[in-house]
Student: 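Provided herewith is a single structure, encoded as structure tokens, for subsequent inquiry.
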Number of protein chains: 2
Amino acid sequence: MPDQRPHGDNAEARAIAAALRDAIHSGEFNAGDKLPSERVLAATYHAARNTARAAIQELIQEGLVKPEHGRGYFVRERPRWMRFGRLRYTTPMRAVTRHGPFGAEARAQGKTPRVEVRSAERIPADADVAERLGIEPGTDVVRRENWYYADEIPMQIGITYIPWSIAGGTALAKAENLGPRSLYGRLEDLGYTIANIREEITARPATREEAEGLDLPPGVPMIHLWHTGMTAEKQPFEVTNFCMRADYSALDYDMPVDY
Amino acid sequence: MPDQRPHGDNAEARAIAAALRDAIHSGEFNAGDKLPSERVLAATYHAARNTARAAIQELIQEGLVKPEHGRGYFVRERPRWMRFGRLRYTTPMRAVTRHGPFGAEARAQGKTPRVEVRSAERIPADADVAERLGIEPGTDVVRRENWYYADEIPMQIGITYIPWSIAGGTALAKAENLGPRSLYGRLEDLGYTIANIREEITARPATREEAEGLDLPPGVPMIHLWHTGMTAEKQPFEVTNFCMRADYSALDYDMPVDY
DNA sequence: CAGTGGTCTAGACCACTCA
DNA sequence: GAGTGGTCTAGACCACTGT
């Protein structure tokens, strides 16, 4: 039999996906459990393997399920990660920090933070960074790449840029954890206290590289955030490009309208 | 011939996608142009139709291409929409407003705004709304559904909830455009001046319904935003659930860290 | 009517995992 | 080596669009 059937939008695949979604939400499958294989699903629902596969892809896009090549599909754990947009940079938050704002957030959410400094190098600023730092493109900056984990699950990547005129020769230019004082503590020592921020937010599907690094399937939505740290006089001195998986993350801002 | 070939991650589909992407970016195809059909692409690249299709799906996910059933695939226009997170609610912005914050944003970006009030009804608050408004679930609220267009392109959907105790019997409870004074003007008349806001942001793939309403393919990332409007005393009086396509939209916040 | 996207079937080979 | 996901081929019928 070649195909046919009542038809309708993706009806077969959607039905299978819905059944699986229900089974997961009802507790029939718990976090970490293995789902039936594509071939088994196809047989169960009298569908082609392609159709069963399409159904599972839907769940993957929603971040519910994670494929493991050669092993099977597994139900994901879904720790919601909350990023406190303004709060994380406030004075009291900075005071208690050990891993910086991320560490404070993690503790507030009962999770164990770990920050990995992947690299720190001196490079010329590209247009995106230069514009936000208010410097000429090509001017030297320190580029620090950090990976952030909560309970050992990769939550976000942050790439910080600081003008070399500020960070050059300091610990900020070295690829090591900055310890108790963190990035913002160090900057404060240098006379740059964060008093205003600007955050620009977009979202788009994960690239292949992000997917591999953060251990998630390609196509899952990612949140991108350009953070600019500024002094009370609104002089920018630090820019960070954050990248986090959307299905795990939420951003939370509270702020006055006029100030 | 059944299949085989060098293999590699999606190599065939990715190659076709890359070729098309280049052709679009190089100007070989311009906004509005029709791409070669799936069947033509398959023949051109000596691939199966499924594979050509997978390639195009990739471009659709990126928001580069739009399918039209029975007609073909067309290159999208990509107007970037900027949402000014805090600025849009400031006093000066409210003063010049005709279509509310959205109208001000649109004019700032050289676009023509249009707001469509889809409905206004009295309903009991669900948990999400009640929590943010600081009321008991089940308490009556006005639900206003607005659709926002810029140059006639649907940009976002906003569903506003206001306690019935505030909006009952006023123009806010009627399904009509609120005119020059807009929502926030009316609320100010009632003694509720927006002075603080909270915004919670997430992103996830578009549902089927959103996709249809906003004229986009399912699976494209969407930005979701819970906005809460509060008085100077931080009493919440209005909650709006915004939903916008991520490939068109960016959010821009600037704020003081301590206040 | 021919052409296009949307969906589905059936079956192949590859790479990976695990007993 | 059996089983699983990952990718691809080949070809079918549907619904929609245009001529």
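Values reported hereafter were calculated over all heavy atoms of this structure, with side chains retained and with hydrogens, waters and symmetry mates removed. In this text the structure is predicted, and so the values were computed from the model without any measurement.
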Student: Measure the distance from CZ on A:Arg14 to P on C:dG6 and round it to the nearest whole Å.
Tutor: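 Going from CZ in A:Arg14 over to P in C:dG6 covers 15 Å.
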
Student: Using whole Å, what does the distance between atom P of nucleotide D:dA10 and atom CD of B:Glu38 come to?
Tutor: 16 Å

Student: Quick one: is D:dC8 close enough that its OP1 or OP2 comes under 4.0 Å of any side-chain N or O from B:Thr51?
Tutor: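 No, outside the criterion.
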
Student: Looking at residues at least two apart in the chain, or sitting in another chain, which of them share a side chain to side chain donor-acceptor pair (under 3.5 Å) with A:Glu145?
Tutor: A:Arg143, A:Trp147

Student: Send over the distance from B:Glu68 CD to D:dC16 C1', rounded to a whole Å.
Tutor: 11 Å

Student: Counting heavy atoms from C-beta on, name the nucleotide in C:dT4, D:dG18, D:dT9 closest to the side chain of B:Ala47.
Tutor: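 Of all the options, the side chain of B:Ala47 is nearest to D:dT9.
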
Student: Ignoring the backbone of A:Arg49, work out which of D:dT17, D:dG6, D:dC8 is nearest its side chain.
Tutor: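 My answer, after comparing the listed nucleotides, is D:dG6.
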
Student: So that I can tick it off, tell me whether A:Glu68 and A:Lys34 are bridged by a salt bridge, with the cut-off set at under 4.0 angstrom between side-chain N and carboxylate O.
Tutor: no

Student: Side-chain N or O of B:Tyr73 versus OP1/OP2 of C:dG6: is the shortest distance under 4.0 Å?
Tutor: yes

Student: Quick one: do A:Glu62 and B:Arg204 make a salt bridge, cutoff under 4.0 Å?
Tutor: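 No salt bridge links A:Glu62 with B:Arg204.
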
Student: Which of the following nucleotides, D:dT9, C:dA15, C:dG6, is nearest to the side chain of B:Asn50?
Tutor: D:dT9

Student: Which residue is it: A:Phe102, A:Tyr248, A:Phe242? I am looking for the one with a ring-ring contact (aromatic ring centres under 6.0 Å, His included) to A:Trp81.
Tutor: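 Of A:Phe102, A:Tyr248, A:Phe242, ring-ring contact (aromatic ring centres under 6.0 Å, His included) with A:Trp81 is met by A:Phe102 alone.
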
Student: Can a side chain N or O of A:Arg53 be found less than 4.0 Å away from OP1 or OP2 on D:dT7?
Tutor: yes

Student: Whole-Å distance between C:dT7 P and B:Ile56 CD1?
Tutor: 14 Å

Student: What's the closest nucleotide to the B:Glu12 side chain, out of C:dA10, D:dC8, D:dG5?
Tutor: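 For B:Glu12, the side-chain atoms sit closest to D:dC8.
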
Student: Measure from CG on A:Leu41 to C1' on C:dA10 and round the result to the nearest Å.
Tutor: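 Spelled out: CG on A:Leu41 to C1' on C:dA10 is 17 Å.
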
Student: Among the nucleotides D:dC8, D:dT17, D:dT4, which one has an atom lying closest to any side-chain atom of B:Arg71?
Tutor: D:dT17

Student: In this structure, how many angstroms lie between the P atom of C:dT17 and the CZ atom of A:Phe74, rounded?
Tutor: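 The answer, rounded to whole Å, is 11 Å.
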
Student: Tell me: NE2 of A:His69 to P of D:dG5, nearest whole Å?
Tutor: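 Result: 9 Å.
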
Student: Compare the minimum distances between each of D:dA10, D:dT4, C:dG6 and the side chain of B:Arg39, then state the nucleotide with the smallest one.
Tutor: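 So the side chain of B:Arg39 is nearest to C:dG6.
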
Student: Which part of the nucleic acid, if any, lies within reach of B:Ala54 when heavy atoms closer than 4.0 Å are counted: base, sugar-phosphate only, or nothing?
Tutor: nothing

Student: Rounded to whole angstroms, how far apart are NZ on A:Lys66 and C1' on C:dC16?
Tutor: 15 Å

Student: Salt bridge or not for A:Arg14 and A:Glu58, using N-O below 4.0 Å?
Tutor: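 No.
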
